[in-house]
Amino acid sequence: MENETAPMIIATTIAQVRTQVDAWKKEGLTVGLVPTMGYLHEGHASLVDRAVSQCDRVVVSVFVNPTQFAPGEDLESYPRDFDRDCALLRQHGCSLVFHPEVSEMYADDAATYVEILSEMPRQLCGKTRPIHFRGVCTVVTKLFNIVTPDAAFFGQKDAQQLAVIRRMVRDLSFGIEIVGCPIVREADGLAKSSRNTYLSPEERRSALVLSRAVALGQRLVAQGERSAARVTAAMSQLISAEPLARIDYVSAVDGESMLPVEQLAPGVLVAMAVYIGKTRLIDNFMVEESAP
């Protein structure tokens, strides 16, 4: 909100972040937080832009969080390019980048986690990634405690994560506004993702089946179809026709509780996770209020 001319700060310790945020708050400035795992793209940039438009100072965390990866997942191979990340963040008005080592965020004997003990994190991605949202809630809680932001910004592409964070913030009485930001897509429709870099040229073409399935679902809803089973079946059939695609799930759930629904109404989330080769991609859409 306020013009920022100072150079972007790169902080690697919790103490550095706290000292700087304290100084900003003594000046009466508002602080926004954009949590990321790095390898930033235009989707992340859109979150930073939204934060800059709403807050006086913006902190972006770049931290590949090990507690949200299960054994055998892509923790070690997750793409990283911190210099490139910093160049993008400077262009978009980031005030401070928090780039800690794992040892700065987690003691060797750390044994405290934040977890939602309902069915909510066990739906959708939680069915095949059972520890994932415990790790997300734990690291986001730590970032909230370190940065003490007025607002935090998350993408709608990770719709279940956004819903889980909203519930955690409500349940734990964090005084932080959670801002959901729209999915950013490539020109051909593919949702922006750091994992898109894993795709071969052939897989990249095949991955367009996700956004085509989203468009099909939206079209069916716009035409008046209200059966969740019929819409998700049509989307699944389209995806299954792509030889390189393997469906993890295509589901319709309540946008807040993440529990399955039978009828499509405003506020329902239609979400999917699909493997293209070995790469797991997600996409979704919300049933809008304007639907007939």
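When a residue number appears, it is its place in the shown sequence, counting from 1. These numbers were taken from a predicted model, which means no experiment stands behind them. Only heavy atoms go into these numbers, but all of them, side chains included; no hydrogens, no water, no symmetry mates.
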- Could you tell me whether the side chain of Val59 reaches within less than 4.5 Å of the side chain of Pro149, counting heavy atoms only? no
- Is there a donor-acceptor pair under 3.5 Å between the side chain of Arg246 and the backbone N or O of Leu244? no
- Donor-acceptor contact below 3.5 Å, side chain Asn284 vs main chain Gln156: yes
- Message: Check for me, please, whether Ile178 and Ile146 land in the same ILVMFWY cluster - side-chain distances under 4.5 Å, paths through other members count.
- Response: yes
- Message: Has Glu225 got a side-chain atom pairing as donor or acceptor with Ser227's backbone, closer than 3.5 angstrom?
- Response: yes
- Test side-chain contact (heavy atoms from CB on, under 4.5 Å) applied to Lys25 and Val31, step by step: CA-CA 8 Å; Lys25 294 202 169 187; Val31 177; 4.2 Å; yes
- Query: Under the 3.5 angstrom rule, does the side chain of Ser46 hit a backbone N or O of Gly43 as a donor-acceptor pair?
  - Reply: yes
- Message: Quick check: is Ile14 connected to Val21 through a chain of hydrophobic side chains (ILVMFWY, heavy atoms under 4.5 Å apart)?
- Response: yes
- Message: Please check this pair: side chain of Ser251 against backbone of Ala271, looking for a donor-acceptor N/O pair closer than 3.5 Å.
- Response: no
- Rounded distance [0.5 Å steps], CD in Gln160 versus CE in Met258: 6.0 Å
- Task: Answer yes if Tyr78 and Leu40 sit in the same cluster of Ile, Leu, Val, Met, Phe, Trp and Tyr residues linked by side chain heavy atoms under 4.5 Å apart, and no otherwise.
- Result: no
- Query: For Glu177 and Gln54, does a side-chain donor sit closer than 3.5 Å to a side-chain acceptor?
  - Reply: yes
- Between Thr128 and Asp248, a side-chain donor and acceptor under 3.5 Å: yes
- How many angstroms lie between atom OG of Ser194 and atom CG of Asp81, to the nearest 0.5 angstrom? 11.0 Å
- Between CD1 on residue Ile9 and CZ on residue Phe98, distance to nearest 0.5 Å: 13.5 Å
- Task: Determine, step by step, whether Val17 and Leu96 satisfy the side-chain contact (heavy atoms from CB on, under 4.5 Å) criterion, reporting the C-alpha distance in whole Å, the side-chain angles of both residues, the deciding distance to 0.1 Å, and the verdict.
- Result: CA-CA 8 Å; Val17 177; Leu96 183 151; 4.2 Å; yes
- Ile276 and Leu199: side-chain contact (heavy atoms from CB on, under 4.5 Å), yes or no, with the steps? CA-CA 8 Å; Ile276 302 295; Leu199 300 170; 4.1 Å; yes
- Note on the structure: Rounding to 0.5 Å, atoms CD (Glu242) and OG (Ser206) come to a distance of 3.5 Å
- Task: Decide if atom CD of Glu256 counts as having more than 12 heavy atoms of other residues, nucleotides or ligands within a radius under 6.0 Å.
- Result: no
- Query: Are Lys157 and Ile282 side-chain neighbours, meaning at least one heavy-atom pair lies under 4.5 Å?
  - Reply: yes
- Query: Any salt bridge between Glu203 and Lys278, counting N to O under 4.0 Å?
  - Reply: no
- Contact check, side chains of Phe69 and Val64, non-hydrogen atoms, under 4.5 Å: yes
- Minimum heavy-atom distance Cys181-Phe153, with the two atoms named: SG-CD2, 4.3 Å
- Do Val221 and Arg226 pass the side-chain contact (heavy atoms from CB on, under 4.5 Å) test, and can you show the C-alpha distance, the side-chain angles, and the key distance before you say yes or no? CA-CA 6 Å; Val221 172; Arg226 289 294 172 268; 3.5 Å; yes
- Item | From CG (Asp74) to CZ (Arg280), nearest 0.5 Å | 10.5 Å
- Query: Hey, does the side chain of Ser53 reach the backbone of Arg50 with a donor-acceptor pair shorter than 3.5 angstrom?
  - Reply: yes
- hydrophobic_cluster_shared for Leu190 and Tyr275, side chain cutoff 4.5 Å: no
- Inter-residue atom distance Glu119.CD - Ser257.OG, 0.5 Å rounding: 10.5 Å
- Would you say the side chains of Gln16 and Thr13 form a donor-acceptor pair under 3.5 Å? yes
- Message: Within the 3.5 Å criterion, strictly below it, is a donor on Asn196 or Tyr39 matched to an acceptor on the partner's side chain?
- Response: no
- More than 12 heavy atoms of other groups within 6.0 Å of Glu73 CD: yes
- Item | Hydrophobic cluster membership, Tyr106 vs Val147, 4.5 Å side-chain cutoff | yes
- Donor-acceptor under 3.5 Å (Thr30 side chain, Asp56 main chain): yes
- Heavy-atom side-chain proximity of Tyr198 to Pro79 below 4.5 angstrom: yes
- Query: Considering all heavy atoms of both residues, which atom of Thr232 and which atom of Ala252 are nearest to each other, and what is their separation?
  - Reply: CG2-N, 4.0 Å
- Message: Measuring only between side-chain heavy atoms, which start at C-beta, is Leu269 closer than 4.5 Å to Val287?
- Response: no
- Message: Please find the pair of heavy atoms, one from Phe63 and one from Pro100, that lie closest to each other, and give the distance.
- Response: CD1-O, 3.6 Å
- Would you name the heavy atoms of Pro260 and Gln123 that are closest together and state the gap between them? CD-OE1, 3.7 Å
- Message: So Met105 and Lys142, do their side chains get closer than 4.5 Å, heavy atoms only?
- Response: yes
- Task: Determine which pairs satisfy salt bridge (charged side-chain N to carboxylate O under 4.0 Å, His left out) with at least one residue from residues 180-192, sequence neighbours left out, and list them in order.
- Result: Glu42-Lys192, Arg185-Asp283, Glu186-Lys192, Asp188-Arg204
- Message: Looking at every non-hydrogen atom in both residues, tell me the closest pair between Ile116 and Pro121 and how far apart they are.
- Response: O-CG, 3.3 Å
- Message: On a heavy-atom basis, which atom in Ala234 and which in Leu216 lie closest, and how many Å separate them?
- Response: O-CD2, 3.6 Å
- Query: Can the positive tip of Arg134 be found less than 6.0 Å from the middle of the six-membered ring of Tyr113, inside 45° of the ring normal?
  - Reply: yes
- Query: Residues two or more places apart in sequence or in another chain: which of them pass ring pair (Phe, Tyr, Trp, His ring centres under 6.0 Å) with Phe82?
  - Reply: His99
